[in-house]
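Everything on this sheet refers to the single structure shown next.
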There are 2 protein chains.
Amino acid sequence: MEKNTDTRLAIMNTTYQLIAEHGIQKASFALIAKEVGISKPSIYYYFDSKNDMIYQLFEQFCSEISFQHFFNAEHFTQEQFSTQLIEVGFQMIQEQANDPYFGNVMKEFLSLAARDDSYKGRFIELQQDYLKGFEQLLLKAADWSLIPLYSLTEKAHILALVIDNIGNFMMLDDTVDYRNIWKTAVQLVFLEDGLHG
Amino acid sequence: MEKNTDTRLAIMNTTYQLIAEHGIQKASFALIAKEVGISKPSIYYYFDSKNDMIYQLFEQFCSEISFQHFFNAEHFTQEQFSTQLIEVGFQMIQEQANDPYFGNVMKEFLSLAARDDSYKGRFIELQQDYLKGFEQLLLKAADWSLIPLYSLTEKAHILALVIDNIGNFMMLDDTVDYRNIWKTAVQLVFLEDGLHG
DNA sequence: GTCTATACTTCGATAGAC
DNA sequence: GTCTATCGAAGTATAGAC
């Protein structure tokens, strides 16, 4: 199976853009073929069906936004922990803002996941990835006595909720300073005289 | 125009459910008519087109989730402010969790808004509602010296991001204690020795 | 690998009787 | 108000030549 040809890649990339612009349902094989510059049945040489193609695009999409892709625990130091966390969050916000199609494609896949368990299951993995990822990151900070263990899990989940939703809010309002929101969220979590049991 | 008949309401309610179960595109007039128990052309007596009908459903949906619908500033007191904020958040989480269709319908409208400025504009209003609403709520708390003015806007936005995204996360994972996350978020914002300039 | 031609289905919407 | 009948457009997918 040597099917990662230029045509196949062109189909995938074009579909990604068309989904962002028109939604999955309106991104028909006719429209994709016209945009790529091939005939409609040619797509069936590379993909079994439209469902097959959309799901392959979805798998690739998910693999590129994993927690590990952005937050690598080994890069954090005791001296600069919260500063580094703020900085990596900035990079994630920036990277997704630089892809003009990202937000729309994400919303399409989310609405698909609402009704299809295959998509839903993959998104659950992704979400657990982030919830557990932030928790382990904060546990590392607790080992270094940078934050207390009290409410550590809740704090980790707050960070996950905030960084995940910043992208959605940016789509609707680009006048808000989202970098400052993330910075403040991290600072609240790392307050020296924070919550205690 | 006396068109708020039982038939009209039945069409609206059935469509709401079918959108949640199958998405907007697959909620065809044929399917809706079958479910309501009428013929397909009968729907056109109450709605000009499918777009018209979906948008009317969207308007009603938005009016029921306004900031004011949940958070009324006049009900907050100096003595119990953060406790009341936590409680009202619980009520909002509970109300949306009690409607099994809410999350899916919201995702459908969000993906529509990504490509249609009419829907997008209405969602922007809703978002500004929440961002400004939380900000004015915290300003009231600041007047009572319950929190400092420093980073007040950012804190308000963090609360908006968290409460808005809790619903999305609940769809994927109902094992997490989301009430505790909201409670912790409010407590972090209301810490006595919080952030200062 | 890529094409033309086409089968089959479903969609939104309209005409017109009752 | 509600129906039957039907139109034209667009969708996914396949057959078969090159």
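As the structure is a prediction and not an experimental result, all values here were calculated from the model. Values below: every heavy atom of this structure, side chains too, minus hydrogens, waters and symmetry copies.
Phe47(B) places its CZ atom 14 Å from the C1' atom of dG1(D), with the value rounded to the nearest Å. Residue His22(B) contributes atom NE2, which lies 11 Å from atom P of dC11(C) at whole-angstrom precision. The CD1 atom of Ile43(B) sits 14 Å away from the C1' atom of dT14(C) (whole-angstrom rounding).
Remark: Glu125(A) engages Arg122(A) in a salt bridge (Lys or Arg N to Asp or Glu O under 4.0 Å) (not counting sequence neighbours). Scanning for ring-ring contact (aromatic ring centres under 6.0 Å, His included) contacts around Tyr44(B) gives Phe29(B), with sequence neighbours left out. Partners of Glu87(A) by side chain to side chain donor-acceptor pair (under 3.5 Å), not counting sequence neighbours: none found.
In this structure, Arg179(B) forms a cation-pi arrangement with Phe90(B), its terminal cationic atom sitting closer than 6.0 Å to the ring centre and no more than 45° off the ring axis.
In this model, the phosphate group of dT2(D) is not approached by any side-chain N or O of Tyr45(B) to a distance below 4.0 Å at OP1 or OP2. Regarding contacts with the backbone of dT2(D), a side-chain N or O of Thr7(B) is found under 4.0 angstrom from either OP1 or OP2.
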I'd like a table of donor-acceptor pairs (distance under 3.5 Å, sequence neighbours excluded) in which one partner is a side-chain atom from residues 131-138 of chain B, with atom names and distances.
from: Glu135(B); atom 1: OE2; to: Thr153(B); atom 2: OG1; distance (Å): 2.9

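Side chain of Asp174(A) to main chain of Met170(A): no donor-acceptor pair is present (N/O by atom type, distance under 3.5 Å, no hydrogens or angles).
When ring centroids are compared, Phe58(B) and Tyr119(B) come within the 6.0 Å threshold. If you look at Phe123(B) and Phe109(B), their ring centroids are not closer than 6.0 Å.
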### Message
I need a per-nucleotide contact map over nucleotides 3-17 of chain D, read 5' to 3'. Cutoff is protein heavy atoms under 4.0 Å; write B for the base, S for backbone only, - otherwise.
### Response
BBB-----SBBB---
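Terminal axes of the helix from dG1(C)-dC18(D) to dC18(C)-dG1(D) (five pairs each, C1' rotation axis) are separated by 0°, to the nearest 10°.
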